[in-house]
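Beneath this line is the structure, given in structure tokens, with notes to follow.
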Amino acid sequence: MTEELLPGLLIAVPILGATLPLALGLFRKRVGWSVAAVVLAIEAAIASWLAYAIFVDGQRVIHVLGGDNFGRQQTEVGGHDTEGFIVGIELVADHLSGLVVLLVALVSLAVLAYSRREGPRGNAFYSGYLLLTGGLMGVVMTGDLFNLFVFLEIVGLATYALVASGRSAESAVAALKYLVIGTAGASLYLVGVGYIYVVTGTLNMVDVSRVLAGEPAWVADVIGEGSLYGDPLVAAAFGFIAIGLATKAAIYPLHTWQPDAYAESPDAVTIYIAALVSTSAAYAFARITWTMFTPDFFAQSAAGQDVLNVFLALAALSVLVGSVLAAMQSRVKRMFAYSSVAQFGLIVIAVGVAVHPAAAGTRAVEFAVYGVVIHLVAHAIIKGGLFATAGAFRSGSGARLVADYAGLAKRRPFLSGAVAVLGFSIIGVPPTVGFIGKWYIGVSAVEAQLWAVVFVIFASTLLTLLYVARLLEKLYFDYLPEDAPPHAEASAELATDGGRGSETALPYGVASLVAIATIASVVLGFMGAELTAMLEPLVEAVIEGEPEVGA
Amino acid sequence: MTEVVADWRPLAAVLVSALAIALIVASHRRRNVRELWSVLAAVAKFAIVLSMLPGVLDGREYRWSMGMVPGLTDEFVFGVDLALRADQLGMLFAVLASFLWIFTAFYCAGYMRGLSEPNQTRFFAAFAASLSTALGIAFAENLLVMFLFYELLSIVTYPLVAHDETDEARVAGRKYLAYTFFGGGFLVLGGTVIIYWLTGLADPADVEGVEAGESTATVQFGEIAEPLWAVFEAGAAAELLFVVTFGMLALGFGTKAAIMPLHSWLPDAMVAPTPVSGLLHAVAVVKSGAFGVSRVVLDVFEPELTAALDMHVALAALAAFSFLMASFIALRKDNLKRRLAYSTASQLSYIIMGVALLVPAGVAGGLLHIPAHAFMKLTLFFCAGAIHVETHTDDISKMAGIGKRMPLTMSAFAVAAAGMAGIPLIAGFVSKFYMLVGSIQMTGDAAIGEPTAAGFVFASALIISGIMNVAYFWPVVYTAFFESEDAHDAKPLVEFPYGGEKASYGVLGRGGEAHADGGEPVTDGGSTDDSAGQEEREDSHTGEHHDDHEHGDHHEDGHHDHHHHGGAPPGGWVRTSPREESTWLMLLPITVIVTGAVLLGIVPGDLAFLDLVVEIAEAATGGEVAV
Amino acid sequence: MSELSLVAELLTSQYTYVLFAFLLVVGLYMVVASSNLVKKIIGLNLFQTAIFLFFVTTAYVREVDGEAGSAPVIPEEAVAYDPYASPLPHVIVLTAIVVGVALTAVGLALSVRIYAEYGTLDVETLREVRADD
């Protein structure tokens, strides 16, 4: 019984909690972090309970917003039986969303540990942080298309605010750029949702999927026999929805907001948004493409196939361009940001391969699904860890540029080791988790015989090597500048004693976040079998074109 | 039918040196303790590997899989197990690497201390790690696990290549990473994925051991060939795909084996300290590449399918081209280590060609060359390193008369060089002999016993290469023992530009200036008569045109201390006795390994290598090594 | 001939969709081509308003039994009622308007801050000033 409340709680708790730092801040000064810690701890507990219910008990947890008046009911509209179409909005926690929910909850807590010493202070910041967490939970769990738009915008707004909370003026510019591009993308997504509504008359993902497939009896009476996949509106809708979500996931050429936003925001914010915001957009894209449009749509609609091929090409370009641009950057955070562009290119490739007509009937679908989910989780952990080390290097040794990292391995062996392990993980060296995701994505492309894509996937190893090796070489095989002053920028933590910048010890929060990310990236690499076993219901649903996962 | 026994020893063999890493780093302040850990780990590793040898010779295979760890399953990714298996081919490589590491550990200590190198802890730790991964490659049960350790090997050897931290070392390191990751991460991984897909296309009815409804996809050695053959015969995938995949895997592993045209990382990697060049680039790294190619031909595609695709001729031809070209290039190298590097590239291609011949004798010869070459090349590199430490000499042109100074070292060098050329009684002869017989036996199709043109071409290539081996090793030996510092000839191949010198050969090196204007001596500012000055001028005459005479080579060591230019000290070499010429830490390994090389040549049957090799060859090709 | 009648039909009975597309594109153009930050935000608003127009249009019921659709407000005790426009898109538009307002507010706040820091709202000038930093 109570499991059904959990999805609602997961969203409500952080959003309500977001008011507390501001409210309590009227009475006490520095209450933000503690409030956020308590709220997120509760959140993590709820998320674990939910994950237990999903993965161990095998449930598919649904929460209908609004109580008994809403939900799936037997009604008649215009003389036709609606066959249990939903009235209202439902939150769905199934195998796919359950995993991402757990990821969001744990990462939020971990970044909070990081920001204890490092992060921006101030109650308003923590309010925004909790709001962002609530929004992310909403994006992940909602089963309604328009609700997804609303939560995407909540996430967006919170992110713009957090990005702008950096001290420099550059943060404001980066936030505004992100705002303009992100809003344009989300609005295009809304156009796509509008088209879908015009065609199907409903906004719930499961119901839309059914109507598009032509399953309910009333479709034949009202609209016409057979599936609606051939309708040009549907293909146009897919195009708009995909573009909108691709903007949020920073696929080339819609990625231009990402390097600025990541580089200019405070370090704790960068870790959080790099790990989760684009991840949630990619998750939404996967969910909609796989369970709402289903591989059947792409098999039957020529226009849909064209759009899909364009997206595969753009994603492949993302991989190439992102890696090459990353190798050209001189600032470390920008380098990692472009690296994210490349990694999301890989993920979008795999999302596309799973529904591609060439993959139908082969094991490509299965492997693509595994690849997307595992690589999403892997990227979140790895990129979060990398940004955490970048932040630690900046605050501890004043290193912002790649050149500043020269020889720092001698002074910061732990951090450098973490950069090495995480770097190899993102290149895809086994036995790390980054390899597992890449392996499945590669196998899926080969099984689907999309050779151009195969080439890009394997070339990405070499391209990623370009910038990771550059950083590692600087760290380990370059000389410490014995008398070079730290990078000159007015910032209170940097030492300006003109010589060997003061090497502050790593705060526990930072060290623990980095350690957890590094260890997780290796340990999860050995747990490939467990991860794929968890995702089997999702694979079945995608292969069969079922909108309900694990039902 | 081989018996497969579940055992923790393969994992133990791999991990014992990984454990040593922690101990080495922990004892970084006490040198002797730190070196002791290296030696202990090496001995322990060899002991573990040796303990499995009798069983493997009897036909047993020892297998460790991740499922043996409580709480984990075998599966690494879908359909692929994370498992290590000690089989015959793997034992060949493992015994070799672990045995040689023991003595390399001693040698490293002597070398590093002799040059007071910095970063010694990092060096020894990376060395231990690389031996760990080398054994992982040896014992890998399937292509994916082999890829795993292959990539890790590239990563842990990188700090060794870039050890000196000079610009040259960094460039060499980058090149090394680029080549090995291209070969590994791109070619090998791509090939593995395609194999996984191709084997999955087979009909379960055609593959034994797979029930209907199960997937036939596999990347496990020994199990790939059957479904692959079924798919090939059924025509379910284009033949081009098979050829491309074979090419990808062979070239991917061949990159590490320095096959041409992917060899150029190897000479540049000679900037690393000599023990690195020795063990890794003559034994572990390049041998893992050759080992990988052997696995591909013998256990992935297996001789039947390889012959059906005609890839054996292509591979053997590429290998033959490679070893001939490398030998030609080696003739012109003045820097001893570079000469040895090209020699390695050449000899590695022998192994690849031997295996590609697909007849029992050829395969046996190629595989036997793995240990044979290892012993000989390691001796050569150790000698080169000892020379560098004791006299700071790197170039052959400056080694005239060095036999006086380092008699034991140069004698060992001479013996090993003779073995490389194929002189009987030393290891290289046995393997070359088998390979020659094999190439004569080789045919265009799989029937044994009918010589064809291709076989004759390969046999002649082997003989020519043997002659060239003499051609590039003999000058070194000759100049060390039979020339003296003030009366040695120039070496035409090394020192003269292409097309020869205009001046008369007899004028140089006899105390006169080289000019052709009929006798007016040209005073070029203080011409002295001492031998050192003469050598300088000779070098400056002949030094412009050749890339290996450039400053890169002279500053090859990249040392931060005193600037030295090698060569004999002003008074000529000092005659020393074998016991005083160098430290025992370096001389002992040299002696032991050259003795091993000789033993392999005299009684190959008593050392396990020949038995292993014959069994592997006969099992893989289904014929008899009848010599 | 049929193309002309298609266009004619579009312009007479489905002009709202044409208007929607036109406003969308104009708004997008303003976002891209304006050099003033505030104008960009206005363009964004126009872009979003076009989408609202689209939703509202789809809600409209043209004719049922001779009656065109009216506002979907039905008193509880009503026994019979006229055909009404679909309320769901109206709800969507209301929500989206709120979202748009929030975005505009944040955008303008950021513009104010940028103006305070850099002294300009012009994108080109901003680029030069930032490049100097």
Side-chain angles (χ1 to χ4, degrees), chain A residues 77-78 87-89 128 144-147 149-154 156-199 201-204 233 240 244 260 264 489, chain C residues 17 20-21 24 27-28 30-32 34 37-38 40-41 43-59 64 83 86 88-89 91-93 95-96 98-119 121 123 126-127 129-130 133:
Chain A
V77 174
V87 176
I89 298 174
D144 181 283
L145 284 172
F146 184 71
N147 200 232
F149 167 75
V150 173
F151 276 117
L152 272 178
E153 291 294 76
I154 294 180
L157 277 169
T159 313
Y160 309 147
L162 287 180
V163 167
S165 66
R167 273 187 221 150
S168 66
E170 284 290 326
S171 319
V173 178
L176 189 59
K177 189 172 184 181
Y178 186 8
L179 186 149
V180 171
I181 299 180
T183 308
S187 305
L188 288 173
Y189 167 81
L190 191 56
V191 172
V193 169
Y195 285 2
I196 288 280
Y197 179 67
V198 166
V199 172
T202 173
L203 287 171
N204 183 280
L233 256 186
F240 276 108
D260 290 331
E264 305 302 341
E489 185 134 4
Chain C
Y17 296 107
F20 144 70
L24 194 87
L28 211 47
M30 276 183 77
V31 171
V32 170
S34 302
L37 287 178
V38 177
K40 283 187 191 280
I41 296 176
L44 212 52
N45 263 318
L46 187 57
F47 178 65
Q48 288 176 316
T49 309
I51 301 175
F52 305 156
L53 177 61
F54 171 71
F55 272 97
V56 169
T57 311
T58 61
V64 173
S86 167
L88 181 55
V91 167
I92 290 178
V93 169
T95 314
V98 172
V99 171
V101 166
L103 284 168
T104 310
V106 173
L108 288 174
L110 286 172
S111 308
V112 168
R113 176 164 157 199
I114 292 177
Y115 185 72
E117 300 266 7
Y118 288 110
L121 280 178
V123 172
L126 207 55
R127 196 169 298 161
V129 171
R130 283 168 64 211
D133 267 352

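Residue numbering restarts at 1 for every chain, and letters A, B, ... go by the order of the sequence lines. The shown structure was predicted, so the numbers you read here are calculated from the model rather than taken from an experiment.
- Between A/F146 and C/V91, the closest side-chain pair of non-hydrogen atoms is not below 4.5 Å.
- Contact annotation for A/Y178: neither backbone nor side-chain heavy atoms come within less than 4.5 Å of a heavy atom of chain C.
- Taking the side chain as every heavy atom from C-beta outward, A/V191 and C/F20 approach each other to under 4.5 Å.
- Residues A/L157 and C/A102 approach most closely at CD1-CB, 3.6 Å, considering heavy atoms.
- With a 4.5 angstrom heavy-atom cutoff, C/A116 does not touch chain A via any of its atoms.
- For A/L176, the parts lying near chain C are the backbone and the side chain together; criterion is any non-hydrogen pair under 4.5 Å.
- Contact detail for A/G166 and C/R113: the closest heavy-atom pair is O-NH2, 3.0 Å.
- In this structure, A/F149 and C/I92 have side chains that are not in contact, with every pair of non-hydrogen atoms separated by 4.5 Å or more.
- C/I114 and A/A172 make their closest contact through CG1-CB, 3.7 Å (heavy atoms, listed as atom of the first residue, atom of the second, distance).
- The contact between A/V173 and chain C is made by backbone and side chain atoms together, counting heavy-atom distances below 4.5 Å.
- When the candidates A/T183, A/V193, A/L188 are compared by the number of heavy-atom contacts under 4.5 Å with chain C, A/T183 comes out ahead.
- Between chain A and the options C/T58, C/V31, C/T95, the largest number of non-hydrogen pairs under 4.5 Å is found for C/T95.
- If you measure heavy-atom distances from C/L103 to chain A, the contacts under 4.5 Å come from both the backbone and the side chain.
- Minimum heavy-atom separation, C/I51 to A/S187: CD1-O, 3.3 Å.
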Assess the residue pair A/Y197 and C/F55 against the criterion (ring pair (Phe, Tyr, Trp, His ring centres under 6.0 Å)); give the C-alpha distance rounded to whole Å, side-chain angles, the decisive distance to 0.1 Å, and a yes or no.
CA-CA 9 Å; A/Y197 179 67; C/F55 272 97; 7.3 Å; no
Please step through side-chain contact (heavy atoms from CB on, under 4.5 Å) for the pair C/I41 and A/L179, ending with a clear verdict.
CA-CA 10 Å; C/I41 296 176; A/L179 186 149; 5.5 Å; no
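- With a threshold of 4.5 angstrom between heavy atoms, C/V106 approaches chain A through its backbone and through its side chain.
- In this structure, A/I154 and C/V99 have side chains that are not in contact, with every pair of non-hydrogen atoms separated by 4.5 Å or more.
- Using a 4.5 Å cut-off between heavy atoms, A/L203 touches chain C through its side chain atoms alone.
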